[in-house]
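Okay, so here's the structure we're looking at.
A quick note: this is a predicted structure, and the numbers were derived from the prediction, not measured. Each chain gets a letter, A, B and so on, in the order the sequences are listed, and its residues count up from 1.
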Amino acid sequence: MDDKIFSKEEWEKALEGLKDSHRIFVPVKEGDYHTFARLSEENRPDFDFQNTRLSPKSLILPQSERMFDYSLDEKSEEAHILKEATKESSPQVIVGLRPCDALAIQLVNINFDNPEYRDPWWVRGIESTTSVGLGCNEPCATCFCSSTGGGPFNEKGLDVLLYDLGDNFFVRSLSPKGESLLEKVQGGKSADGSAKEEAEKLSASALEKITSKVPTDQLRGKNVNALFDAPFWDEVAFSCINCGTCTYLCPTCWCFDIQDEVLGKEGDRLRNWDSCMFPLFTYHGSGHNPREKKVQRVRQRFMHKLKYYVDKYETGVACVGCGRCVQHCPVNIDIREVFELANGL
Amino acid sequence: MENPYLPYPVRIKEIITETEDRNLKTFHFEFIHPEDEEKFVYTPGQFAELSVAGQGEIPIGIASSPTEKGSVMFTVNRVGAVTTYLHNMKPGETMGIRGPLGNWYPWEEMEGKNVVIIGGGFAFTTLRSSIIYMIQPENRSKFKDITVVYGARSPGMLLYREELTQWEQRDDIDMHITVDATEDPDWKYNVGFVPTITEEKITSADNAVALVCGPPIMIKFTQPVLEKLGFPPEKIILSLEMRMKCGIGICGRCNIGDQYVCKEGPVFSLAQLKELPQEY
């Protein structure tokens with residue numbers, strides 16, 4: 001499909017036109033930050049942002065998700081037997097996610113959809129989602145995506161990529177899903193050569209604006225136990241307050257807990273986001289806890305992203321360089337410094 | 001798409017209180033749908049999630065042997081919310097089991113070898129499964145000598161006492177039952193900690209594989225005994241415990257390094273564990 005040009009008004013109208021057949025999620029300004037919300041009368045898209053504070057991961061892996069429901073009513077023949085909870089699975093479109101966040105979904109996918117087990121809710125979430133990315137004209141000072149296998153206009157994991165050309169969006173389809181979405185969209189015109197040139201320039205200049213760089217490809221060859229036993233973990237963990245903000249914001253953090261909740265005679269089994277920063281995460285029934293100390297939990301978080309994931313899947317690091325954990329950590333722990341420490345070992 | 005989180009519905013067939021402190025009970029479950037039993041194909045060493053609607057799930061080693069048809073068996077220590085609830089359930093009640101999960105003892109590698117089984121306390125469950133499996137007439141000839149060292153704090157804390165007595169009487173299995181201490185004048189077995197009895201009774205590591213399950217303190221002191229006997233780390237097989245939720249390597253909490261204990265484990269050789277961070 002040819003690249004297209006939409007005026008921003010046209011694009012917003014085009015999204016409105018999809019609303020009946022799709023659940024459309026767009027960046028919406030909420031207080032000082034942007035967040036993804038379902039397009040509606042109240043939730044108007046605002047594409048003027050650097051990145052949303054929360055990644056869009058909750059649109060595939062909700063912070064709290066019903067897995068099963070059941071009855072505890074002894075009169076029911078089905079009492080105590082779990083049934084898969086019914087869930088809306090109509091097609092959804094995430095519009096305006098950044099390339100780093102799209103790449104993150106790809107990195108996490110390997111965990112939820114693998115040759116041995118397929119997580120049904122995740123797989124259905126991925127299948128029903130079309131990702132319309134928005135390239136980053138102005139990366140943040142904390143962004144280092146070009147060091148982690150991505151870039152401000154990286155196309156991995158996206159079905160469509162938008163280039164913000166000021167008054168217009170340059171719209172490029174990247175996959176069959178993207179094509180089928182754009183076929184349903186009203187308006188726009190074919191992009192001419194000059195628009196393409198402008199888009200390419202934008203992409204190149206954005207890449208140049210990323211000044212924060214850290215090598216992330218040196219960790220595969222390192223010995224896992226040497227890194228694990230490295231002396232710097234105490235220093236890295238010293239100021240950490242185990243608040244879990246990093247795991248909450250991180251687009252590649254996927255850990256979850258499973259809990260039952262009962263109201264009257266009806267119950268649900270839910271999964272909720274969890275965090276390796278919390279001691280309960282690994283606390284055995286016996287009282288033993290393999291990660292009872294803060295330094296062990298901090299080390300786990302970084303070792304997972306920098307080393308365990310790399311070794312397990314023989315791939316790159318489980319970090320997309322979005323910079324959220326760097327920006328929002330209340331005690332200024334900086335994953336880029338941890339990369340440097342690990343590289344230096 | 002198969003949902004790997006969905007338990008098979010089962011009915012509690014029988015509950016047996018195993019120990020004098022009443023903290024360990026054995027549950028026999030039968031599948032409500034016969035086709036589920038056919039799908040639940042397991043190998044000794046694996047575990048399953050026991051699922052109680054409204055309470056949650058717990059990962060427990062399978063104590064029955066796949067050769068025992070008609071039901072599956074688990075021995076559960078009462079420690080937390082789900083296990084306490086389970087201990088108060090009654091035969092006939094409906095719950096769920098999800099699995100089988102994880103890997104198993106290296107049965108192919110163990111064929112043609114002497115098998116040394118070392119267990120302590122309530123960590124004897126998958127070892128019971130293994131013993132029952134090996135002593136079946138169709139399997140017994142696959143293995144050479146079978147030697148078992150099994151210990152508990154006191155005689156009343158031993159699991160499966162009737163079976164222990166039966167095995168004791170067999171001539172194709174060399175049993176060494178022990179307790180840490182006892183005041184019972186009629187106690188006719190050993191008194192002493194598992195590592196000590198292992199050192200006394202196991203004489204050779206030749207052509208042998210050791211399966212070791214027990215509390216961390218027992219494993220810690222048994223390991224050097226086995227190494228002194230000449231067991232290389234590849235032939236010392238351990239089954240680990242870890243807090244688990246999903247049981248299928250997805251939810252992220254039970255890792256040791258890049259290995260999920262629920263999926264790549266729970267069975268690891270000591271050689272494998274030496275390559276991993278010491279965090280378990």
What part of [X] gets within 4.5 angstrom of chain A, counting heavy atoms only: side chain, backbone, both, or neither?
{"X": "B/Ile256", "result": "neither"}
{"X": "B/Met242", "result": "both"}
{"X": "B/Pro9", "result": "side chain"}
{"X": "B/Asn77", "result": "neither"}
{"X": "B/Gln55", "result": "backbone"}
{"X": "B/Val82", "result": "neither"}
{"X": "B/Glu93", "result": "neither"}
{"X": "B/Tyr5", "result": "both"}

With chain A as the partner, which of [options] has the greatest number of non-hydrogen pairs under 4.5 Å?
{"options": "B/Gly257, B/Pro7, B/Gly80", "result": "B/Gly257"}
{"options": "B/Met95, B/Glu57, B/Gln259", "result": "B/Glu57"}
{"options": "B/Pro216, B/Pro215, B/Ala81, B/Ser51", "result": "B/Ser51"}
{"options": "B/Glu275, B/Lys263, B/Met244", "result": "B/Lys263"}

Considering only heavy atoms and a distance below 4.5 Å, find which of [options] pairs most often with chain B.
{"options": "A/Gly285, A/Ser286, A/Ala79, A/Pro120", "value": "A/Pro120"}
{"options": "A/Thr282, A/Asn223, A/Leu227, A/Asp268", "value": "A/Thr282"}
{"options": "A/Asp257, A/Ile81, A/Asp311", "value": "A/Asp257"}
{"options": "A/Tyr313, A/Trp122, A/Phe112", "value": "A/Phe112"}
{"options": "A/Gly267, A/Cys255, A/Gly287", "value": "A/Cys255"}
{"options": "A/Gln259, A/Glu261, A/Glu84, A/Lys307", "value": "A/Glu84"}

Under the salt bridge (Lys or Arg N to Asp or Glu O under 4.0 Å) rule, what do B/Asp180 and B/Arg153 come out as? Steps first, then yes or no, please.
-> CA-CA 5 Å; B/Asp180 296 352; B/Arg153 288 202 305 276; over 6 Å; no

Is it the side chain or the backbone of [X] that comes within 4.5 Å of chain B heavy atoms, both, or neither?
{"X": "A/Tyr283", "result": "both"}
{"X": "A/Arg269", "result": "side chain"}
{"X": "A/Tyr70", "result": "side chain"}
{"X": "A/Leu72", "result": "side chain"}
{"X": "A/Asn114", "result": "side chain"}
{"X": "A/Met303", "result": "neither"}
{"X": "A/Asp274", "result": "side chain"}
{"X": "A/Val310", "result": "neither"}
{"X": "A/Tyr308", "result": "both"}
{"X": "A/Gln296", "result": "both"}

Heavy-atom count around [X] [atom1] within 6.0 Å, excluding the residue itself: above 12?
{"X": "B/Lys39", "atom1": "NZ", "answer": "yes"}
{"X": "B/Phe193", "atom1": "CZ", "answer": "no"}
{"X": "A/Glu116", "atom1": "CD", "answer": "yes"}
{"X": "A/Phe238", "atom1": "CZ", "answer": "no"}
{"X": "A/Lys87", "atom1": "NZ", "answer": "yes"}
{"X": "A/Glu340", "atom1": "CD", "answer": "yes"}
{"X": "A/Arg124", "atom1": "CZ", "answer": "yes"}

Between B/Phe40 and B/Phe31, is the ring centre distance below 6.0 Å?
-> yes

Using 4.0 Å as the upper bound for N to carboxylate O, is an ion pair formed by B/Lys235 and B/Glu109?
-> yes

Would you call A/Arg324-A/Asp101 a salt bridge at under 4.0 Å N-O?
-> yes

Taking the side chain as every heavy atom from C-beta outward, state whether B/Leu50 and B/Phe27 have any pair of such atoms under 4.5 Å apart.
-> no

Assess the side chains of [X] and [Y]: does a donor N or O sit below 3.5 Å from an acceptor N or O?
{"X": "B/Arg128", "Y": "B/Thr75", "result": "no"}
{"X": "B/Glu30", "Y": "B/Ser71", "result": "no"}
{"X": "A/Asn111", "Y": "A/Tyr309", "result": "no"}

After noting the C-alpha distance and the side-chain angles of A/Trp121 and A/Phe68, does the key distance pass the ring-ring contact (aromatic ring centres under 6.0 Å, His included) rule?
-> CA-CA 11 Å; A/Trp121 298 283; A/Phe68 302 103; 5.6 Å; yes

